[in-house]
Amino acid sequence: LAARAAAQGVAATERPADAGTFSLDTVNARLEGDIALAGATGVAAGRGGRAEFVAGQIVVGDAAAEGALRIGVATLNSLGAQTVVLGARSRAGEGNTLDVGARTVTLAGGEQALSVPDLVVAATEEIRVEAGTTVVAAPVSAKAPAPIAYVIAGDGAAMRVSNQGGATLSRSQAEGASGVLRVGEGSRLDAGAGSLLLDATQDTRIAASATLRAEELALGARAITIGGPVAGPGVLALTPRLLDQVSQAGQLTLHAYQQINLKDGAVLGEDDGGLPTLDRLVLDTPNLRVAEAAQAGARITAGEITLTDSGDTASAVATAGAGRLTLNASTAAGGSGDIRLADGSLAVNGAASLVLNADNALALAGRDGRLVTAGNLHVSARGIVAEAPAAGQVIQADGTLTTASPVGSVAPASALGASLTLQAASLEHGGRIVLPSGELVVDTQGALILREGSRIDVAGSDASVGDAVVA
């Protein structure tokens, strides 16, 4: 049951040795006493419980707190809980859905670090991490359950600092009318080998001297800029220092509700020798904008790159321009070498040229994906294949779409029943498209060239179920 719950991202069934849940919904209180949420320590060692605190205003630490719920850092540190949620409460019957009740949450730890295994903070208006505040994910317990994949709806700000990988928090129905996150000067958010997520739908600000550390790091903002000077309100600028920090994560997710803007000469995810510093990179946005990258261009490198849009964005429409963008998925540092096209519609705006270089595969990873560019698109990979059964993807280039595969290479394995639509002004296919028992639709108004050595394969394939072969 625990393994099934982990796979579904929901809370595991509790045992007698496990601690329960403490939930407090109040207006004005001060908590500095002891609250026990540790699991049993006997032969049948249990898991820590969950504490949830909700009030219109919440202050942790020593900041002024008139009319607010004030919680001492020492109180939270001594709970023994596996998960502490500030500003929201789990919905009855839907343990992974959080209903946000706090307008503002302030973390002002002072000299004492706030240290719990899994800290989740949510507010409708603002989360503020005061200057000099330290939040550290406490060491993981061998009995700790897999982290819950929390879900929230509407505008707001959120953060999560967890000692485990895969500790996610996703948001739906964001409009950008509110939701501010401030991470102050000299603050430190340290998840170690776990997960760190910072997200706000209106404005995300991370001070230049703040320290972010995690194996899995996710940054969410209305817009994100890579390269160039610090931008205006609503735009999270990856300054050189911040860019250096995020490039040290094993997995980096950049989630922009409106767009990710790449300035001319912008480089993400590689060292001075061109080797990837990121194992996995997720670009989650409806728009990749490269209109200003017209001279030196922009370049993004990782062991694996995923393109997706998890928002409720309408079908992507790309605008023309003179920009140039290259995405490199490299196996040089042990990465999969895949560029993954997941669910959602993503437009590359302002690009005359988009290049997708995958050392391994251009992989169809979602059931309803769409990648659109107004310029030319070049794909280089061992093969265009399906990562998931019944995957569905549209790739549209208003210019020329070309494909190529390295001489002597072999296409990677492909899942069954996928569908791919290629739309372009003209198509020059020199690579391999392998979609067993699948569907390939080519829609071109101009020339269609199938070069010598190219391959299109939608042939049937035997499928195995256990020891049986299904024809």
Side-chain angles (χ1 to χ4, degrees), residues 23-31 51-73 76 83-91 97-109 114 119-133 135 150-161 168-185 187 189 196-207 210 212 218-224 230-237 255-258 310-312:
S23 182
L24 174 65
D25 192 335
T26 186
V27 176
N28 186 348
R30 178 173 178 174
L31 302 181
E52 300 177 343
F53 301 93
V54 181
Q57 300 177 61
I58 299 176
V59 174
V60 176
D62 301 326
E66 183 177 353
L69 168 62
R70 178 176 174 180
I71 311 174
V73 173
L76 292 179
T83 301
V84 174
V85 181
L86 301 176
R89 184 170 51 200
S90 300
R91 184 177 299 174
T97 299
L98 294 178
D99 292 322
V100 182
R103 298 187 306 276
T104 65
V105 178
T106 301
L107 304 182
L114 173 58
L119 175 68
V120 180
V121 186
T124 57
E125 295 179 7
E126 182 181 45
I127 294 174
R128 182 178 293 272
V129 181
E130 296 286 13
T133 298
V135 180
Y150 284 115
V151 177
I152 55 180
D155 287 341
M159 65 178 283
R160 188 171 189 178
V161 185
T168 61
L169 192 156
S170 59
R171 184 189 300 274
S172 63
Q173 303 171 27
E175 297 181 357
S178 63
V180 175
L181 174 66
R182 297 279 188 264
V183 179
E185 295 285 351
S187 57
L189 305 178
L196 171 60
L197 178 143
L198 302 172
D199 173 82
T201 53
Q202 186 182 65
D203 195 17
T204 304
R205 293 288 167 181
I206 301 174
L212 309 180
L219 301 178
R222 186 169 67 177
I224 296 174
V230 175
V235 181
L236 173 61
H255 182 195
Y257 292 94
Q258 291 186 355
S310 61
D312 303 321

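In this chain, numbering begins with 1 at the start of the sequence shown. Note: hydrogens, waters and symmetry copies are ignored here, and every other heavy atom, side chains too, is used.
Minimum heavy-atom separation, Leu219 to Ile224: O-CD1, 4.0 Å. Minimum interatomic distance between Tyr150 and Val85 (heavy atoms only, all atoms of both residues): OH-CG2, 4.3 Å. Residues Ile71 and Leu86 approach most closely at CD1-CD2, 4.1 Å, considering heavy atoms. In plain terms, the two heavy atoms of Glu52 and Ser90 that are nearest each other are OE2-OG, 2.5 Å. Pairing each heavy atom of Ala177 with each of Gln202, the nearest pair is O-NE2, 2.8 Å. Ser187 and Val129 make their closest contact through CB-CG1, 4.0 Å (heavy atoms, listed as atom of the first residue, atom of the second, distance).
Contact of the Met159 side chain with the Val105 side chain is not registered, since no non-hydrogen atoms from C-beta on lie closer than 4.5 Å.
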Go through Asp155 and Thr124 one step at a time and tell me if the side-chain contact (heavy atoms from CB on, under 4.5 Å) criterion holds. CA-CA 6 Å; Asp155 287 341; Thr124 57; over 6 Å; no
Show your reasoning for whether side-chain contact (heavy atoms from CB on, under 4.5 Å) applies to Leu189 and Leu198. CA-CA 10 Å; Leu189 305 178; Leu198 302 172; 3.7 Å; yes
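Of the candidates Thr106, Val59, Val183, Thr106 is the only one forming a side chain to side chain contact (heavy atoms under 4.5 Å, CB included) with Glu130. Considering Arg205, Glu125, Glu126 in turn, Glu126 is the only one that fulfils the side chain to side chain contact (heavy atoms under 4.5 Å, CB included) rule with Val180. Partner of Leu169 under the side chain to side chain contact (heavy atoms under 4.5 Å, CB included) criterion, out of Ile152, Val121, Asp199: Ile152 alone.
Side-chain atoms of Arg91 never come within 3.5 Å of backbone atoms of Asp99 as a donor-acceptor pair (strictly under, hydrogens ignored). Counting only distance, with no hydrogens or angles, the side chain of Thr201 and the backbone of Gly156 share a donor-acceptor pair below 3.5 Å. Side-chain N or O atoms of Arg171 include none that pairs as donor or acceptor with a backbone N or O of Val151 at under 3.5 Å.
With a 6.0 Å radius and a threshold of 12 heavy atoms from other residues, nucleotides or ligands, Glu175 has its CD atom at or below the threshold.
Checked for salt-bridge contact, Arg182 and Asp203 meet the test: a charged N lies under 4.0 Å from a carboxylate O.
One finds the OG1 atom of Thr133 at 11.0 Å from the CZ atom of Arg128 (value rounded to the nearest 0.5 Å).
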